[in-house]
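Notes follow the structure.
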2 protein chains.
Amino acid sequence: MSIPVKPIAAPATDTSASAHDRVYRALRARIMYGDIAPGEALTLRGIGREYGVSMTPARESLRRLVAEGALSLSSSGRVATPELSNERIEELAALRALIEVELSSRALPRAHMALIDRLQAINMTIAEKVSKRDAVGYIRTNLEFHRTLYLRAQAPAMLAMAETVWLQLGPTMRALYGRLRRTDPPQNHRLIIAALKAGDEPGLRLAVRSDVTQGLRLLVV
Amino acid sequence: MSIPVKPIAAPATDTSASAHDRVYRALRARIMYGDIAPGEALTLRGIGREYGVSMTPARESLRRLVAEGALSLSSSGRVATPELSNERIEELAALRALIEVELSSRALPRAHMALIDRLQAINMTIAEKVSKRDAVGYIRTNLEFHRTLYLRAQAPAMLAMAETVWLQLGPTMRALYGRLRRTDPPQNHRLIIAALKAGDEPGLRLAVRSDVTQGLRLLVV
DNA sequence: GCGCTATGTTTGTGATCACAGACATGCACC
DNA sequence: GGTGCATGTCTGTGATCACAAACATAGCGC
């Protein structure tokens, strides 16, 4: 009998081969974590070349990202990561507040000590990324903090909605980081953890709302 | 052999030819307005044949709808309109409440008499659809009522989010209509209009929340 | 020098094809 | 008559090709 060998090792991010899915996930991560600047253009053949696939999977992944609002499709089909207007940013921040406050509220009754420990560990990683001036790492770890909390809410549709908003804000968040000069210890995160420990729902809602809203406020000129 | 090309659906809905966009819009409308039953399967070649295009645009439109949560992609790629669990329905109803209450609240200061007249006219159409037992027409007109109000909020990202939720609930809404036996005059819609007239924000928020939540409650067994 | 055009390149779009997996049907064999 | 295997069809996936529009550039004429 032959052992089923998976030959590809290096680029295999997942066992799920499905070329377009691989490309989609890679691009999605890059966009959400601010690895691509706002206004940057993407071409089908360029993506295909970069990930070693043909135009078909590249096109599907780009179109999927456009559908989720992560990329904006200019006239004549050119796709690029969007440059958000101030009104748009305000809207997206309001959506983050609405959805994430609800998610945190639903997570509160299920938040045990293990979760809080995990959140504190993530918080230390955030502080480390900040001190290293690692923008992409900071954004990714910050979102990981939120995702870890919201996963406890057992509300996949809401979490997906929140992640869609993150995705739309991704390229803009990087620009935010540029203005965020000072080493910003995650003060609101500490408030969130304290509220979780105390089982204080109004405090939790307020802390999450502040955390979500405050950062984006810097971006609106 | 010659394949008879039959122009089934609305010919030339828009000047934007773009085959995949035509297919996408047509399918999206059918799904959102409950024209497709939950669990119904769609095939690439079937869609292509139906709209007179090849597999490529059909695939792109299906994939876009999957990305928006309108269709669920089973293992091995088969796509079908999803059968929602009760938890999922509750989540989506909560999302509707969150987003649409905010949208109505933002629309309130901009709601002039012309808008209210328009909403009342739509309301009469709804009553007519109900009396005719026209499920698809009822759902479409009901959503038109909400969309007309929310357009005034000047918040395109939020409105898009709300429409995505509608899309996900589309196939299920039709099932809802089956259980909604009685001729249901849009009582909550009247409350919404009254609150708009009075400039009563708390009342408006409550009325919208009730309208959005109430219908879906019937669906959760 | 300046403006316009012609052309060559790059882009997205859509059709077609080859392929592999899933699924069902049916036939042969026990 | 029942079980198992084979086959044939139907499915999505991905690559390739032909085509048209958009864009940039170089060249020409004035």
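So you know, we letter chains A, B, ... as the sequences are listed, proteins then strands, and number each from 1.
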Hey, does the side chain of [X] reach the backbone of [Y] with a donor-acceptor pair shorter than 3.5 angstrom?
{"X": "Thr148(B)", "Y": "Glu144(B)", "result": "yes"}
{"X": "Arg106(B)", "Y": "Ala153(B)", "result": "no"}
{"X": "Ser104(A)", "Y": "Val101(A)", "result": "yes"}
{"X": "Ser61(A)", "Y": "Ala58(A)", "result": "yes"}

**Asked** With sequence neighbours excluded, what pairs up with His20(B) under the ring-ring contact (aromatic ring centres under 6.0 Å, His included) test?
**Response** none
**Item:** Atom pair CD1/CG of Ile126(A) and Asp134(A) - distance to nearest 0.5 Å
**Value:** 12.0 Å
**Message:** Rounding to 10°, can you tell me the angle the first-five-pair axis of the helix from dG1(C)-dC30(D) to dC30(C)-dG1(D) makes with its last-five-pair axis?
**Reply:** 20°
Might you list the N or O atoms of the protein lying below 3.5 Å from N or O atoms in nucleotides 6-11 of chain D, with each pair's distance?
none

**Salt bridge Asp21(B)-Arg28(B), side-chain N to carboxylate O under 4.0 Å** =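 Looking at Asp21(B) and Arg28(B), the cut-off is not met.
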**Prompt:** If you measure from the Lys or Arg side-chain nitrogens to the Asp or Glu carboxylate oxygens, is any gap between Arg96(B) and Asp211(B) under 4.0 Å?
**Reply:** no
**Request:** Show the numbers, then the answer: is there a side chain to side chain contact (heavy atoms under 4.5 Å, CB included) between Leu65(B) and Glu68(B)?
**Result:** CA-CA 5 Å; Leu65(B) 289 165; Glu68(B) 293 174 350; 4.2 Å; yes
**Prompt:** Listed in order of residue number, which residues of residues 51-67 of chain A have a non-hydrogen atom at under 4.0 Å from DNA chain C?
**Reply:** Met55(A), Arg59(A), Arg63(A)
Tell me which donor-acceptor pairs under 3.5 Å the side chains of residues 38-52 of chain A have, and how far apart each pair is, sequence neighbours excluded?
unit_1   : atom_1 : unit_2   : atom_2 : d
Glu40(A) : OE1    : Ala37(A) : N      : 3.2
Thr43(A) : OG1    : Gly46(A) : N      : 3.0
Glu50(A) : OE2    : Arg30(A) : NH1    : 3.0

**Asked** Hey, does Thr164(B) have a side-chain heavy atom less than 4.5 Å from the side chain of Met161(A)?
**Response**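 Yes - at least one pair of side-chain heavy atoms lies under 4.5 Å apart.
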**Item:** Boundaries of the chain A footprint along DNA chain C (any atom under 4.0 Å from a heavy atom)
**Value:** dT11(C) to dG14(C)
**Asked** If you take all heavy atoms of Gln168(B) and Leu84(B), which pair is closest and at what distance?
**Response**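 Between these two residues, the closest heavy atoms are O-CD2, 3.6 Å.
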